[in-house]
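The basis for the numbers below is simple: all heavy atoms, side chains too, and nothing from hydrogens, waters or symmetry mates.
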Amino acid sequence: MNLPKVYEPSKYEADIYALWEKSQAFQPRKAGKSFSVVVPPPNANANLHIGFALTMTLQDIAVRYHRLKGESVLFVPGADHAGFETQAVYEKHLAKEGKSRFDFTREELYKRIWDFVALNRKNFEDQFRSLGGSVDWTRFTFTLDEKVVNRAYATFKKMWDEGLIYRGERLVNYCTFHGTAFADIEVEYKEDRGQLWQLRYPLTDGNGEIIVATTRPETMLGDTAVAVHADDPRYSDFHGKTVTLPLVGREIPIITDTEFVDPAFGTGAVKITPAHDPNDFALGERHALPLITVIDYDGKMNAEVPAEYRGMTVEEARKQIVKDLEEQGYLVKVEDYTHNVGHCYKCGTVIQPLLRDQWFVDMQPLAKPALKALEADKITFYPEAKKEQLINYLKNLRDWNISRQNAWGIPIPAFQNVNNRDDWIYDERVDQEIIEVDGEIYRRDSDVFDTWFSSSSWPYVTLGYPDNEDFKQFYPLSLMETGGEILYPWVSRMIMLGLYVTGEIPFTSVYIHGYVMAEDGSKMSKSIGNVINAPEVIEQYGADALRMGIIAGRAAAVNRGYDPRKVEDARNFANKLWNIARYIESKTNGTAQRGRVEPETDADHWILSKLQQTADSVAADLEIYRFAEAYDRVYHFVWDDFADWYLEASKAQENIPLLTRTLQHILTITHPFAPFVTETIWQTLKWDDETSLAATSLWPVIKPGDAERANAFEKVKQLVGEIRTAMKNIGLSTGVIEYRPASAISDNAEIIKRMAKLSDLTEVEVSDGLKLTGSSLDAWLAIDADTAKEYLEALQKKLQSEQTAFERLKARLTNKRYIDNAPEAVVAQTKQQLAETEARLASIQNEIARFFPNN
RNA sequence: GGGCGAUUAGCUCAGCUGGCUAGAGCGCUUCGUUUACACCGAAGAUGUCGGGGGUUCGAAUCCCUCAUCGCCCACCA
């Protein structure tokens, strides 16, 4: 025997992956139905985490399955520059050297991050390899590759020309620490325990006052109005009057608004700061209020405020202003108040709504076709509910701010006339800061695109839209597999941009996976220290074990804890396969059988039928991405049917060619789940064609065995099981079985003897032994009455359960409405069950009467 | 506030369009070293399918309701 007893994944995995690469196993076939997947590009800078292992595994199972089906399969790898994310990582890196991004020009910073990312490139690619990702490396795409950048420019240009791009001064979610704006969706809201201050604003005419409530008193310096509800009787006399803003002395109007002001909240009067609050901004637009910015991009109070507050941080200013208001008698009261406050998801800094000139995309013209496509079910979602969620999102979509203030990104190809702020032109010469056009001087926009703007073209840009053959053959993609957190920011935009740019949906199905939580179901987090280290798991258990363990029992979009027991179980499964192969190798001396493969025994017919059922149902499951169910079927077929029964039976009745061929098929259907161990075995055993790979073998198309003969083996299994149970109950380690002539038994005598550990199996006409009542065959355990009594308890238990079953079935069949309403097939089935139950019941009663007449 | 999901064996979870006596892995009990495998084999125990109501011949599965726990979205000063 050449193979070691225990499968050691780490000895084989790297070589196996290298073999696949060398063999170009992951290139699409020249012919066949197309199946295409493009990896949602992971952050080029990230280390292999368990979530990536999950998404990679799910995609790879689908991809490998379709490849085995003989289709022309394209699986494109990629990496994301992940603009802000990566810059944040690099900044931490710089901080260790005592530097910050402000020590460099934008170009220098870009170049340094580029080199930093390039350093990690090999490490990054090896993460795909270590998991067995069957991607085509020749098509690797990075989100800063020329084709991606050019596509972003072309799309921006198209939108520009068609009037979908506009520049506007809007409130953006600004992180004063990172110095950049975020999309709404990137802001993390957290409950903050703060205070609600009530402030007294005196009427300018001296006749009274109005009390407003606020959680951010420092913004009062930028107030430009006070709003009350038009129908609020408390304030009807105030309409059209003005108040004098304390500390500032500015005279501001009292306005009425019915949309925004809730009379029931606070005092029913709201101070309006259009430059620092989104709701106030919207109200300010409706009432043409002036915008007064008082907080700068560095998070400090600016020159617009009274001198004593200038240069203070927001927190400092808040304290001082509250103190001053109190001293001057403007503070009415303070109460504790818990509310949600936006934070930077990276550094936790409170997000400031600040005014900034930004590029916006008008989303309505993009959302409408996407909605239409979704409503027409052009894209299948797994799970289905995600489609509705996306529709809801698209219906309420707001315009998209695509400007970001990072260095690490794609510069926006827009230039501003230095002499005319409103004169913007589109130009791709972004490597220059100043350009001249028609005698006018233009300065480059210092911003870069939101990462999602460029990555939303991922499905077609990776395929070389518009002219590449890949695009023509593989677009739209067959599957987009991703996590729920990017359903809105990415999936929705890929659909919108795909339709906008190519006129077609970018993919025909979307699979959303749930998150891998920590073992106790909580979120994994580095600071808590409950993060699973994927490379360690691979090192210890093998990539196959991680792949199978992580998908086992996992449904689409359901969060689940990482379960080390499932990984261990999967490792055991890989080892089981390995030992099956060792046994078969010992039978074939390491050379694959080339003889005729024909079923001869009942077991042969049975295993062929089981194999056919399994291959078909696994395929059916994988077609609709039911990964866990498919894995479960393979696992139980291999372990329970093949190893425990067929292989054991083959020790008594050999059909080595069929045994070997079945193993070969098993390797193929197991391959999507456990690519490494199946390929390792495949290579070790050498099939007919020495150059062949499990990875490019073909999904078995099996002619099922003869139904009657397969059924005979089912009876054998049933009989062996009952003999084992009976002997165990009585405490026998071996026994003799007598049976009335039946081919199912005589044809399989050696198997039965071996598997039930019998010393003898004899044909008789009648026996006074203990009847095996569960079997439709007439067989008796040859024991005397005293020994049989050991079995009384078990018999009585069986009697009980058969009795219950009998009565339930009987009741069902005497129910006229059941007979009338249930489908015929179901009724027929019930009738058969009743007959069988009745027979077993009679048999048990008979045995009890025979051996235990007093019971 | 709105939306979505979950609640099934001691643990982690399957159970698709309603139909065999509700399953898996781990754990547990008992037995076993037959030359593929102790990362093994054999036999077994454990469930009022969260509570209540409804539809149906029939409900873990469909509907309503309550409870508990999650997630997403919005965010009222």
As a test of your reading of the structure, name each stem of RNA chain B as range with range, where a stem is three or more consecutive Watson-Crick or G-U pairs at under 3.5 Å. B:1-7 with B:67-73, B:10-13 with B:23-26, B:28-32 with B:40-44, B:50-54 with B:62-66
Could you work out the separation of A42(B) and C13(B) based on their P atoms and round it to a whole Å? 28 Å
So what does D644(A) hit on the nucleic acid, given a heavy-atom distance under 4.0 Å: a base, only sugar-phosphate, or nothing? sugar-phosphate
For A643(A), report the nucleic acid contact type (base, sugar-phosphate, nothing); a contact means any heavy atom under 4.0 Å. base
Among the nucleotides C37(B), U30(B), A77(B), which one has an atom lying closest to any side-chain atom of N575(A)? C37(B)
Whether S801(A) side chain and K798(A) backbone form a donor-acceptor pair below 3.5 Å: yes
Would you indicate, yes or no, if G41(B) has its OP1 or OP2 atom less than 4.0 angstrom from a side-chain nitrogen or oxygen of W639(A)? yes
Residue closer to the 5' end of RNA chain B, N579(A) versus K797(A) (nearest nucleotide): N579(A)
Using a heavy-atom cut-off of under 4.0 Å over every strand shown, decide if R398(A) touches base, sugar-phosphate, or nothing. sugar-phosphate
How far does the C1' atom of C4(B) sit from the matching atom of A74(B), given to the nearest Å? 15 Å
Check the distance between G41(B)'s P and R754(A)'s CZ and give it to me in whole angstrom. 15 Å
Hey, can you tell me if Y631(A) and F673(A) have their rings parallel, tilted or perpendicular (30° and 60° cut-offs)? tilted
Reckon K566(A) has a side-chain N or O less than 4.0 Å from the OP1 or OP2 of G27(B)? no
Respond yes when some side-chain nitrogen or oxygen of K651(A) is under 4.0 Å from OP1 or OP2 of A36(B), and no when none is. yes
Y488(A) has a side chain; which of G25(B), U21(B), C72(B) sits nearest to it? C72(B)
Of U12(B), A77(B), C40(B), the nucleotide closest to the side chain of V270(A) is A77(B)
Expressed as a whole number of angstroms, how long is the span from I580(A):CD1 to C40(B):C1'? 12 Å
Report yes if a side-chain nitrogen or oxygen of N559(A) is closer than 4.0 Å to either non-bridging phosphate oxygen (OP1 or OP2) of A6(B); otherwise report no. no
Anything under 30° is parallel, anything over 60° is perpendicular, the rest tilted; go ahead and classify Y511(A) against F627(A). perpendicular
Quantified in whole Å, what is the C1' atom distance between nucleotide A24(B) and nucleotide A9(B)? 11 Å
By nearest atom, which of the nucleotides G25(B), U12(B), G19(B) is closest to the R560(A) side chain? U12(B)
Closest to the K757(A) side chain, choosing from U34(B), A43(B), G41(B): U34(B)
Judged by nearest nucleotide, the residue sitting upstream toward the 5' end of RNA chain B, G553(A) or Y337(A), is G553(A)
Main-chain N/O of N279(A) paired to D277(A) side chain as donor or acceptor, under 3.5 Å: yes
Could you give the distance separating U46(B) and G27(B) at their C1' atoms, to the nearest angstrom? 12 Å
So R724(A), base contact, sugar-phosphate only, or nothing? Heavy-atom distance under 4.0 Å. sugar-phosphate
Please give the distance between the P atoms of G19(B) and C63(B) as a whole number of Å. 15 Å
For the side chain of R808(A), starting at C-beta, report the closest nucleotide among A42(B), U21(B), A36(B). U21(B)
Check nucleotides 1-5 of chain B against the protein and report each pair of N or O atoms closer than 3.5 Å, with its distance, or say if there are none.
| residue | atom | partner | partner atom | Å |
| --- | --- | --- | --- | --- |
| C4(B) | O2' | Q389(A) | NE2 | 3.4 |

In whole Å, measure the gap between the P atoms of U17(B) and A60(B) for me. 15 Å
Starting at atom CD of Q829(A), determine the distance to atom P of C57(B), rounded to an integer number of angstrom. 20 Å
Counting only distance, no hydrogens or angles, is the base of C39(B) paired donor-acceptor with the side chain of R571(A) under 3.5 Å? yes
Touch class at under 4.0 angstrom, heavy-atom based, for S801(A) against every strand present: nothing
What pairs meet the side chain to side chain donor-acceptor pair (under 3.5 Å) rule with one or both residues in residues 552-561 of chain A, with sequence neighbours excluded? none
Taking 4.0 angstrom as the limit, do E838(A) and K810(A) come out as a salt bridge? no
With heavy atoms under 4.0 Å as the rule, sort L647(A) into base, sugar-phosphate or nothing. base
How close or far is atom P of C73(B) from atom CD of E485(A), stated in whole angstroms? 10 Å
If you look at every strand shown and take non-hydrogen atoms under 4.0 Å, does A628(A) touch a base, only sugar-phosphate, or nothing? nothing
